[in-house]
There are 2 protein chains.
Amino acid sequence: MDISVLHNSILFKGFDDTEISELLKALNAAEKKYKKGTMIFSSGEITDKLCFVTAGSVTVESNDMWGNRTILNLVGEGQFFAESYALLPDVPMLVDVCAAVDCTVVFLSMKSLADLNDTIRARLLANLLTITTRKNLHLSSRSFHTAPRQVRGRIMAYLNTESVQKHSREFDIHFDRQQLADYLNVERSVLSNELSKMQRDGLIRCRKNHFEII
Amino acid sequence: MDISVLHNSILFKGFDDTEISELLKALNAAEKKYKKGTMIFSSGEITDKLCFVTAGSVTVESNDMWGNRTILNLVGEGQFFAESYALLPDVPMLVDVCAAVDCTVVFLSMKSLADLNDTIRARLLANLLTITTRKNLHLSSRSFHTAPRQVRGRIMAYLNTESVQKHSREFDIHFDRQQLADYLNVERSVLSNELSKMQRDGLIRCRKNHFEII
DNA sequence: GAAAGTATGTTGTAATTACAACGTTTTGGG
DNA sequence: CCCAAAACGTTGTAATTACAACATACTTTC
């Protein structure tokens, strides 16, 4: 098994090669290869496996009963999936996971966490906690930014957060228009239009990625 | 300090009274009372304190530069706030927290986590991880359910999840119409209307909280 | 520095949603 | 059982958004 990818992951941050090897053994690490298109998990399943993509990529998707398919996430090399389900072993998966291309996945048993010695376990849990907390903050922010019904409200919510984060009324954002539109769940053209109106109304000034709140 | 409320919290699940007392000391637990309307945290601040409401309630709110106030969360007795910020000590708060009524808050230093013995620390981290992971799943679901631009899409996304969770095409939901509308971020009347149309189109059958996917 | 490609801004129309107003059904006391 | 209150469904209109089509500006490459 190629542990170099694992070594650079946030999960094993602070662990050296020897410790990682021991951890892999203790967590019953199992490597498995999948052909493109193969289903790795399907909704309704229960798992305690934290999954790590060591090669290729997988899609997390929702396939509903009316035949609609929505890709929720593309998980590439060095990234995880199914963390939430692994850590909440009583919750059935609400999504499907498929191999986007030929890929290799390492499965780590979270049930086996209990068998680890307390020091190692605490360090691993701390890393996991950082990962989930960061994701949490991210999801909360987006939820807040997309909560207003109108485009202007969403823009203002977003810009205010950026301004607080950057400690300034003037700042650059890392989204281009299309990305910002997708993030705020609005049309790109409508977003551009509303930004223009907001400038005319004297609320903001902006040019490309640079914004100023007035 | 009244630890009975703390004792019943998810954070201290599995800990007995003695352990909780020791933990409180180790985490530099500090109790503080606030008059209604007082600001407890304001956006931009940094904190490593996990905050627990032992009496009264607080509001987590966003107050933007244009004077808009949005209440994001009402945190009552026995509940936490600022967990994410406490666990990510480099991230400045993006929200304000105010005393909704006269209240008492216990602050626990997460920086002091490192000083705990490994066994206790691992148990506490495991509890924290359960809390954040559960919240995570919840936020992800909502994000998915409100992603479709149209009302019908949101309803279908939501009903599909419920159906998978309940392992059946027929199930009850725990939202009434107004709550479901708020959750999906649509108008109640538009929701009612769309549900009717979906029944006419033969996609679902529903009556009050009971739904059937066809 | 011209050409091609990409990102952004603008506008008009069709489609969707918000909102208010009102009728109907359900629920919970008395 | 009746009444009042709450929850739910329906409808019409005003407001907003989606979408397409096109104009403009900026970037990259040769």
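Hydrogens, waters and symmetry mates are skipped; everything else that's a heavy atom, side chains included, is used. All chains are named by letter (A, B, ...) in the order of the sequence lines, taking the proteins before the strands, and each is independently numbered beginning at 1.
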Just the rounded figure in Å: distance from P of dT25(C) to CG of Leu195(B). 18 Å
Does any donor atom in the side chain of Glu170(B) or Ser168(B) lie under 3.5 Å from an acceptor atom in the other side chain? no
Round to a whole Å and report the spacing from CD of Gln150(B) to P of dA18(D). 9 Å
From CG of Leu191(A) across to C1' of dT16(D) the rounded distance in Å is 15 Å
Quick check on dT25(C): is either OP1 or OP2 less than 4.0 Å from any side-chain nitrogen or oxygen of Lys208(B)? no
Ion pair present between Arg152(A) and Asp201(A), side-chain N to carboxylate O less than 4.0 angstrom? yes
So if I take every side-chain heavy atom of Ser192(B) and compare against dG9(C), dA18(D), dG9(D), which nucleotide ends up nearest? dG9(D)
Which is true for Asp176(A) with a 4.0 Å heavy-atom rule: it touches a base, it touches only sugar-phosphate, or it touches nothing? sugar-phosphate
NA contact type, Arg207(B), heavy-atom cut-off 4.0 Å: base, sugar-phosphate, or nothing? sugar-phosphate
OP1, OP2 of dG9(C) versus side-chain N and O of Arg177(A): anything below 4.0 Å? yes
Does the pair Asp102(A)/Lys36(A) count as a salt bridge with the N-to-O cut at 4.0 Å? no
Answer yes if the side chains of Thr47(B) and Glu45(B) hold a donor-acceptor pair under 3.5 Å, and no otherwise. no
Value in whole Å for how far the C1' atom of dA15(D) lies from CD of Glu187(B): 12 Å
Send over the distance from Glu194(A) CD to dT17(D) P, rounded to a whole Å. 7 Å
Applying a 4.0 Å non-hydrogen cut-off, can you work out what Ser196(A) is touching in the nucleic acid: base, sugar-phosphate, or nothing? sugar-phosphate
Could you tell me whether the side chains of Ser109(B) and Asp48(B) share a donor-acceptor contact shorter than 3.5 Å? yes
Atom-to-atom span, CZ of Arg188(B) to P of dC22(C) - whole angstrom: 15 Å
Name the residue closer to the 5' end of DNA chain D, choosing between Val190(B) and Ser189(A) according to the nucleotide with the nearest heavy atom. Val190(B)
Which of these nucleotides, dC19(D), dA18(C), dG9(C), is closest to any side-chain atom of Arg149(A)? dA18(C)
Starting from P on dA15(C), measure out to CG on Asn193(B) and report it in whole angstrom. 17 Å
Expressed in angstrom and rounded to an integer, what is the separation of Phe175(A) atom CZ from dT8(C) atom P? 13 Å
